[in-house]
Number of protein chains: 2
Amino acid sequence: MLARGERTGYDIAAAMRRPVSYFWTAGHSQIHPELQKLLAGGLVVYETRHGPGPQDKKVYRLTPEGSGALREWVTTPPRERPERDELVLKTYASWLADPPLLKRLFADQLALHEARLAEYEREEGLFGEPPRPGDPKFGNYATLRCGLGYERHRAEWCRWMVAQLSDSL
Amino acid sequence: MLARGERTGYDIAAAMRRPVSYFWTAGHSQIHPELQKLLAGGLVVYETRHGPGPQDKKVYRLTPEGSGALREWVTTPPRERPERDELVLKTYASWLADPPLLKRLFADQLALHEARLAEYEREEGLFGEPPRPGDPKFGNYATLRCGLGYERHRAEWCRWMVAQLSDSL
DNA sequence: ACTGGCATGTAAAGCGTTACATGATTTT
DNA sequence: AAAATCATGTAACGCTTTACATGCCAGT
């Protein structure tokens, strides 16, 4: 986020109330210590400014070293895919659950994914011309596309589950 | 896993080298303490038996209380979707990366997802008649379907990314 | 002689969440 | 008068990973 411009810890936390890139979250209690670590490592610096709040704010920005480290991090392969999905794990043991309760669980999840999908589609509409790689906005657009694909896949799977459970009742 | 039959900690760890339900992992150093907690809570019991190894093995099985707790857990709504995906986060900052390196990152990821997809499709073929809910095998089948959908969505997104990066070079 | 499978654990460190802690200004 | 926004932190707890620790037996 700092690569997109200077920000306070508060700004970052506020933006993260909705997951950055649709797939990452952090609370302010994680952000402030993390900024201190980056500062100690010389990857960011800050400037103190007065703001509407009671405390002076610390406006952080990336140093050239920070920018370089980020640049390198981007192209190092990530650890394996997120292998922790509670709903899928529950599904694994679903044969011993109460079928109507189970059906409701998946119907609720389906509604949730459909709502998110509608919201993402609205956001997609806000981009006129799709941004090209090299533009910071490309990051926003590409992650949104991932979110869209994810929600579609998820909604479809939940719909299939509901259908399976309906048949068996 | 214990709901499917009695097992030792070693058995569970061995099965978890590949994620259970395609979306959950654990190492033996997490499994053994966890079994001790379940034991203390009366959710499992074990029987000591001789095996090929040097130590006697502890064969665990669910108690009625354990089975009941699991049954309840299955239908309690999970915490929100897994919002932590390193590759997507990298994508968010991808505009400052070296384009050829970035393209390679996604090409590698694509290959990985395609390989997994092929493997899952093979596994799908091993089920003849799809199991019905109520059958323990339904858990295996339903989670496999989720894995298939996930890999398809992921592969498609990676393919799109590679295409975007090819155009811009 | 070495590798891999069987078999169970503990310890340390890192990461993440929730709760604790303070306090001014602006809006309702 | 109360609630929301701005603003920064620390502490406690829980989960996960990695490393440490042991040791027999079977196959190559």
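Values reported hereafter were calculated over all heavy atoms of this structure, with side chains retained and with hydrogens, waters and symmetry mates removed. Being a predicted model, the structure only gives us computed values, none of them experimental. Letters go in sequence order (proteins before strands), and every chain restarts at 1.
- Of the candidate nucleotides dT10(C), dG16(C), dT8(D), dG16(C) has the atom nearest to the side chain of Trp24(A).
- Computed from coordinates, the His32(A) NE2 to dC15(C) C1' distance equals 18 Å when rounded to whole Å.
- Here dG16(C) presents its P atom at 10 Å from CE of Met16(A), a figure rounded to the nearest Å.
- Contacts of Gly27(B) with the nucleic acid, taken as non-hydrogen atoms under 4.0 Å apart, are absent.
- At most 12 non-hydrogen atoms from other residues, nucleotides or ligands lie less than 6.0 angstrom from OH of Tyr46(A).
- A cation-pi contact, defined as under 6.0 Å to the ring centre and within 45° of the axis, is absent between Arg116(B) and Tyr22(B).
- The nearest whole Å value for the distance from the CD atom in Gln55(B) to the P atom in dG9(C) is 8 Å.
- A donor-acceptor contact under 3.5 angstrom links the side-chain atoms of Ser29(B) to the base of dT18(D).
- Tyr46(A) places its OH atom 12 Å from the C1' atom of dG9(D), with the value rounded to the nearest Å.
- Classified by interplanar angle (parallel below 30°, tilted 30° to 60°, perpendicular above 60°), the ring pair Phe23(A)/Tyr150(A) is perpendicular.
- Going from atom NE2 of His28(A) over to atom P of dT22(C) covers 14 Å, rounded to whole Å.
- Distance, Arg17(A) CZ to dT18(C) P: 15 Å, rounded to whole Å.
- Proximity of Met161(B) to Leu105(B): side-chain heavy atoms (C-beta onward) are nowhere separated by under 4.5 Å.
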Would you tabulate the nitrogen or oxygen pairs shorter than 3.5 Å linking the protein to nucleotides 13-15 of chain D?
none

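- In the displayed structure, Arg122(B) atom CZ is contacted under 6.0 Å by more than 12 heavy atoms of other residues, nucleotides or ligands.
- Classification of the Trp160(A)-Phe138(B) ring pair by plane angle, with boundaries at 30° and 60°, yields parallel.
- A cation-pi arrangement is absent between Arg152(B) and Tyr120(B) under the rule of less than 6.0 angstrom and at most 45 degrees off the ring axis.
- In this structure, Lys58(A) atom NZ and dT8(D) atom C1' are separated by 7 Å, rounded to whole Å.
- At least one side-chain nitrogen or oxygen of Tyr10(A) sits closer than 4.0 Å to the OP1 or OP2 atom of dC6(D).
- Atom CG of Asp85(B) is separated from atom P of dG16(C) by 14 Å (rounded to the nearest Å).
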